[in-house]
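These notes are about the structure you will find just below.
All chains are named by letter (A, B, ...) in the order of the sequence lines, taking the proteins before the strands, and each is independently numbered beginning at 1.
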Number of protein chains: 2
Amino acid sequence: MSQNLRAALDARKVILLVGSCSVRYEGRASSVLGLGERMIIIKRDRSVLVHRPEGYEPVNWQPPNSHIDVQETGEGLAVIATRGSEMLEIRFNGIPQIHSFTLVDDARFEMYATESEMKTAVMLAPDLIEEGFQPLADERAVFRTGRLDIFGRDKNGRLVVVELKKRQATREDILQLQRYVESLGRELGGGPRAIIAAPSISRRAAAACSQSGVEFKCLTPRMCTEVLRKKIRGLDPFLT
Amino acid sequence: MSQNLRAALDARKVILLVGSCSVRYEGRASSVLGLGERMIIIKRDRSVLVHRPEGYEPVNWQPPNSHIDVQETGEGLAVIATRGSEMLEIRFNGIPQIHSFTLVDDARFEMYATESEMKTAVMLAPDLIEEGFQPLADERAVFRTGRLDIFGRDKNGRLVVVELKKRQATREDILQLQRYVESLGRELGGGPRAIIAAPSISRRAAAACSQSGVEFKCLTPRMCTEVLRKKIRGLDPFLT
DNA sequence: ACTTTTATTTCGCCG
DNA sequence: CGGCGAAGTAAAAGT
């Protein structure tokens with residue numbers, strides 16, 4: 001009966017075992033869990049998760065690249081996952097349900113704070129851009145729309161245009177900002193400072209900066225999220 | 001087709017969905033995950049886990065007590081789990097496999113101390129080793145590293161080296177300790193006592209003890225946990 | 001209820 | 001490869 005399981009393991013499938021089992025762990029700590037019905041997941045990379053019917057976290061687990069041994073004892077199936085000096089032992093009371101899946105998942109996972117959130121953060125904590133920076137209005141209609149930027153004055157009273165990017169700033173970003181600032185300069189007469197705030201900047205974008213006078217300020221989504229967590233403590237959910 | 005799922009939710013079953021889906025999260029941060037095949041677990045307590053075919057951690061999740069909404073769109077099934085201001089959206093490409101389980105699990109999970117905790121317990125209650133034992137320093141760099149042991153003096157002022165094991169002491173443990181104490185004796189000139197503290201000792205390890213003069217002291221992780229529970233009541237978290 | 005600390009943390013980055 | 005810090009940390013323990 002354990003052939004199914006071994007075959008699925010060999011085939012690098014994702015495996016789900018459901019049944020009554022007891023669990024023991026020895027390693028950085030030790031733990032014991034008596035009989036009960038649980039879901040056990042064995043992934044392609046040989047990570048093992050033991051999930052009880054409640055709770056976000058697995059009650060026991062083994063990280064990827066563990067060695068998985070399947071035994072058929074008198075009492076039923078046993079799965080032992082060892083990894084270095086750590087051992088996870090799952091003893092089923094009988095034969096569990098065995099499901100296996102061939103999952104194809106090549107998608108990229110992308111995580112970010114939204115640009116909108118970054119803007120909110122800068123409005124709440126302008127020093128994220130530079131000390132003494134004071135936002136004036138958070139938007140302004142120019143020729144091109146769809147931009148998310150901030151107008152303000154620096155500590156010397158000079159006009160500043162800030163453009164936010166949640167990803168690495170590209171040369172194209174710099175050129176766009178430069179064109180924008182130029183048209184703004186023609187309109188207003190003064191030459192405002194231009195700052196691109198992004199988590200990083202590409203080599204060529206940096207070169208474009210030094211040519212055009214655009215300044216780069218490192219600002220990560222994480223920094224913004226941090227500020228938001230601190231500032232939005234009991235108020236201002238109406239800023240968005 | 002979504003009736004199955006709704007019924008399982010109402011029946012407070014543990015649910016597994018397997019299929020091709022895209023995932024979006026909005027909350028403390030934002031994330032996007034394109035189409036791919038995943039396992040989604042919805043537990044009795046309305047916690048939600050999205051697991052890719054590899055990796056220990058869920059790529060996305062929602063903690064317990066989230067509100068779960070099931071929609072049947074033109075493209076397929078969608079599950080939206082909201083919790084406070086956080087939202088997790090799982091859009092299936094078609095109808096996923098729907099498995100549901102009624103799991104009964106009333107067992108108690110018990111975790112025993114790590115060796116590090118055992119050390120803390122002995123530092124707090126040296127009598128666990130023997131009456132009158134007084135720890136001096138809790139570590140000492142010798143040739144081999146990675147050891148967790150304790151130096152001290154017994155009630156007669158004689159130097160004592162204590163090695164802790166959370167499992168049955170093996171012959172190898174005794175030999176190691178013996179070698180260690182010998183090198184220490186050469187370094188310091190005096191012959192310190194050597195104590196191995198473990199929950200039990202193997203037959204051959206006991207023999208090695210009587211040959212080498214290493215002493216065995218029964219000390220279980222549970223005894224240490226007990227001491228820690230009693231002693232660490234309002235102080236001394238700075239011992240580690 | 002809120003704050004602080006822990007974790008078999010895991011995971012990523014950087015030297 | 002080891003140390004250091006962040007996490008949508010979650011969960012437990014203390015206040």
Using atom types as modelled, flag every donor-acceptor pair under 3.5 Å from a side chain in residues 16-26 of chain B to any protein atom, sequence neighbours excluded.
unit_1	atom_1	unit_2	atom_2	d
B:Arg24	NE	B:Glu89	OE1	3.3
B:Tyr25	OH	B:Arg28	N	2.8
B:Tyr25	OH	B:Glu86	OE2	2.6
B:Glu26	OE1	B:Ser30	OG	3.0

query = side-chain contact (heavy atoms from CB on, under 4.5 Å) with A:Ala205: which residues, sequence neighbours excluded?
reply =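 For A:Ala205 the side-chain contact (heavy atoms from CB on, under 4.5 Å) partners, ignoring immediate neighbours, are A:Ile174, A:Ile201, A:Ser202.
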
Nearest whole angstrom, please: distance from the [atom2] of [N] to the [atom1] of [X].
X: B:Met111; N: D:dA10; atom1: CE; atom2: C1'; value: 13 Å
X: B:Lys43; N: D:dA10; atom1: NZ; atom2: P; value: 14 Å
X: B:Tyr25; N: D:dA7; atom1: OH; atom2: C1'; value: 11 Å
X: B:Glu89; N: D:dG8; atom1: CD; atom2: C1'; value: 17 Å

ask   = At under 4.0 Å between heavy atoms, what does B:Gln62 touch on the DNA or RNA strands: base, sugar-phosphate, or nothing?
value =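 Since a base atom lies under 4.0 Å of B:Gln62, the category is base.
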
ask   = B:Phe216: what forms a ring pair (Phe, Tyr, Trp, His ring centres under 6.0 Å) with it, not counting sequence neighbours?
value =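 Not a single residue meets the ring pair (Phe, Tyr, Trp, His ring centres under 6.0 Å) criterion with B:Phe216.
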
key: Partner residues of A:Phe133 under the ring pair (Phe, Tyr, Trp, His ring centres under 6.0 Å) criterion, sequence neighbours left out   =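 In terms of ring pair (Phe, Tyr, Trp, His ring centres under 6.0 Å), with neighbours along the sequence ignored, A:Phe133 is linked to no residue.
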
Kindly write out the residues that satisfy salt bridge (Lys or Arg N to Asp or Glu O under 4.0 Å) with [X], not counting sequence neighbours, or none if the list is empty.
X: A:Glu75; answer: none
X: B:Arg44; answer: A:Glu54
X: A:Lys43; answer: none

Base-paired stems in DNA chain D, each at least three Watson-Crick or G-U pairs under 3.5 Å =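 C:1-7 with D:9-15, C:9-15 with D:1-7 - these are the stems of 3 or more pairs that involve DNA chain D.
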
Sequence-distant partners of B:Ser66, side-chain hydrogen bond (donor to acceptor under 3.5 Å, both in side chains), two or more places apart =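 B:Ser66 satisfies side-chain hydrogen bond (donor to acceptor under 3.5 Å, both in side chains) with no residue once adjacent residues are dropped.
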
ask   = How are the rings of A:His99 and B:Phe101 set relative to one another: parallel (under 30°), tilted (30 to 60°) or perpendicular (over 60°)?
value =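 Judged by the thresholds at 30° and 60°, the geometry between A:His99 and B:Phe101 is perpendicular.
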
request  = Within residues 31-40 of chain B, find the residues that approach DNA chain D with a heavy atom at under 4.0 Å, and present them sorted by residue number.
outcome  =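 Per residue number, the list is empty: none.
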
note = B/S/- along nucleotides 10-15 of chain C (protein heavy atoms under 4.0 Å) is SS----

message = With salt bridge (charged side-chain N to carboxylate O under 4.0 Å, His left out) as the rule and sequence neighbours excluded, what pairs involving residues 56-71 of chain B come up?
response =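 Passing the test, one end in residues 56-71 of chain B: no pairs.
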
